[in-house]
Each structure stands twice: as structure tokens, then as C-alpha cells.
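Just passing along the structure, written as C-alpha cells.
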Amino acid sequence: MSKTSQQNTSTDANGVSVIHSQAHASGLQQVPQLVPVSPGGGGKAVPPSKQGKKNSFVDRNSDEYRQRRERNNMAVKKSRLKSKQKAQDTLQRVNQLKEENERLEAKIKLLTKELSVLKDLFLEHAHNLADNVQPVGTETTTTNPESNAQ
């Protein structure tokens with residue numbers, strides 16, 4: 001069984017050669033092959049969404065262009081406002097935390113002072129109790145004449 005094939009070469013809009021071949025004897029259909037037209041053969045592949053936009057001339061007076069620019073300008077304004085608002089919120093939160101920190105530090109100083117006063121009072125009271133208490137066995141016994149009469 002012999003195969004006969006026929007090849008057609010064409011170039012698409014992006015400068016890529018497409019080789020179409022058909023095999024008559026086998027009845028199989030072959031997939032088109034993409035071959036770069038440039039002699040170097042390298043380069044980046046361009047996604048289909050960007051293919052038409054790369055080489056097309058943009059008419060800056062068209063309604064479509066003006067609408068796209070207007071939408072883009074609005075999006076940029078919105079993004080910048082959002083960024084500015086976020087920075088302001090962060091600054092406000094920082095100021096709140098600084099104020100809270102100052103209040104807490106003042107409270108710490110007050111409580112430390114109060115603790116010191118209470119410690120001094122406790123130690124003074126404990127010292128006075130120690131001076132007033134006599135050790136066991138060193139008490140002087142006084143005789144009560146009324147208790148002896150009984």
C-alpha cells in the first residue's frame with residue numbers, strides 16, 4: 001500500500017507558516033504544523049488575546065478608545081483612593097495604639113507606686129508586730145493576790 005501526500009503552505013496574519021498535508025491512501029487526517037517564518041526560529045509565543053492588538057493602529061479619536069481610556073482612568077482613581085484610604089486607616093490605628101500604650105504605661109507607673117506604698121506599710125506593720133511580741137518562755141509572771149486567795 002503506497003501513500004501519496006499533498007502539502008499546502010500558507011502564512012497566517014501573525015507571520016507563522018502553516019503546513020497543511022493530506023494523506024490520500026491511509027484515510028488519516030494530519031494536524032497542521034506551525035513553522036516560524038523568521039530564519040532564527042525563536043521568539044516568544046503570543047497569546048491569541050494579544051495577537052490582534054500588537055500590530056493594530058489605535059485610533060485615539062474613536063469612541064471605543066475614549067470609552068476604554070475613561071474606564072481605565074476611573075479604575076485608576078478608584079484604586080488610588082482605596083490605597084489612600086487604607087493608608088489613612090493604618091495611620092489612625094497606629095495613633096490609637098500609641099494613645100492606648102501611653103495610658104497603659106501611666107497605669108503601670110501608678111500601680112507600681114501603689115505596690116511600693118503597700119509593701120512599705122506591710123513591712124512597717126510586720127516590724128511593729130515583731131517588736132511587740134515577746135518570745136515564749138521569757139514572759140514575767142506576776143502573782144495576782146486574788147488568784148492566790150482562792
Side-chain angles (χ1 to χ4, degrees), residues 1-140:
M1 192 185 225
S2 68
K3 289 187 188 178
T4 59
S5 64
Q6 182 180 6
Q7 291 185 344
N8 294 331
T9 303
S10 64
T11 304
D12 68 0
N14 295 319
V16 176
S17 293
V18 180
I19 301 174
H20 302 280
S21 61
Q22 296 175 341
H24 294 287
S26 67
L28 298 175
Q29 183 179 7
Q30 292 183 343
V31 178
Q33 298 174 349
L34 299 177
V35 180
V37 173
S38 64
K44 289 185 178 180
V46 180
S49 62
K50 302 266 181 172
Q51 286 177 353
K53 295 179 183 180
K54 188 173 183 180
N55 294 329
S56 66
F57 175 74
V58 178
D59 182 15
R60 293 183 179 220
N61 295 326
S62 71
D63 287 338
E64 179 188 359
Y65 176 79
R66 277 190 255 125
Q67 287 175 352
R68 283 195 331 224
R69 292 302 315 145
E70 188 175 325
R71 280 199 321 262
N72 181 262
N73 290 342
M74 288 172 47
V76 167
K77 283 180 186 177
K78 183 178 176 182
S79 175
R80 288 179 183 161
L81 283 174
K82 187 177 178 181
S83 177
K84 194 181 289 187
Q85 182 64 43
K86 188 175 180 180
Q88 287 175 348
D89 291 346
T90 302
L91 185 62
Q92 185 178 9
R93 179 74 173 139
V94 166
N95 290 333
Q96 287 175 347
L97 291 173
K98 282 182 180 179
E99 289 175 6
E100 183 181 1
N101 194 32
E102 289 173 4
R103 282 194 307 269
L104 291 172
E105 286 177 359
K107 189 173 183 178
I108 287 171
K109 283 183 182 179
L110 179 68
L111 291 173
T112 303
K113 211 182 263 187
E114 186 178 343
L115 177 64
S116 178
V117 169
L118 290 174
K119 275 185 182 178
D120 291 343
L121 284 173
F122 175 76
L123 291 174
E124 185 181 329
H125 181 69
H127 182 69
N128 287 339
L129 281 178
D131 288 345
N132 291 337
V133 174
Q134 294 178 354
V136 177
T138 59
E139 289 184 24
T140 57

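Predicted, not measured: the structure shown is a model, and the values here were computed from it. The first residue in the sequence is number 1, and the count goes up from there.
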Could you tell me whether D63 and R66 make a salt bridge, using a distance below 4.0 angstrom between a side-chain N and a carboxylate O? yes
Start with the C-alpha gap between L81 and Q85, add the side-chain angles, then the distance that decides, and say whether side-chain contact (heavy atoms from CB on, under 4.5 Å) holds. CA-CA 6 Å; L81 283 174; Q85 182 64 43; over 6 Å; no
Rounded distance (nearest 0.5 Å) linking atom NZ of K113 with atom CG of L118: 13.5 Å
Could you give the distance from CD (E102) to CD (E99), rounded to the nearest 0.5 Å? 7.0 Å
If we only count heavy atoms from C-beta on, is the D120 to E124 side-chain gap below 4.5 Å? no
Would you give the length of the straight line joining atom CD of E105 to atom CD of E100, rounded to the nearest 0.5 angstrom? 11.0 Å
Working to the nearest 0.5 angstrom, can you tell me the gap between L97 CG and Q92 CD? 11.0 Å
Residues that R60 engages under side-chain contact (heavy atoms from CB on, under 4.5 Å), provided they are two or more places apart: Y65
Using side-chain contact (heavy atoms from CB on, under 4.5 Å) as the criterion, list what pairs up with L111, not counting sequence neighbours. K107, E114
By side chain to side chain donor-acceptor pair (under 3.5 Å), which residues pair with N128, not counting sequence neighbours? none
Got more than 12 heavy atoms from elsewhere within 6.0 Å of CD, Q96? yes
Within the distance-only criterion (no hydrogens, no angle test), does the side chain of T112 pair as donor or acceptor with the backbone N or O of I108 below 3.5 angstrom? yes
Measuring from atom OG of S83 to atom CD of Q88, what distance do you get when rounded to the nearest 0.5 angstrom? 10.0 Å
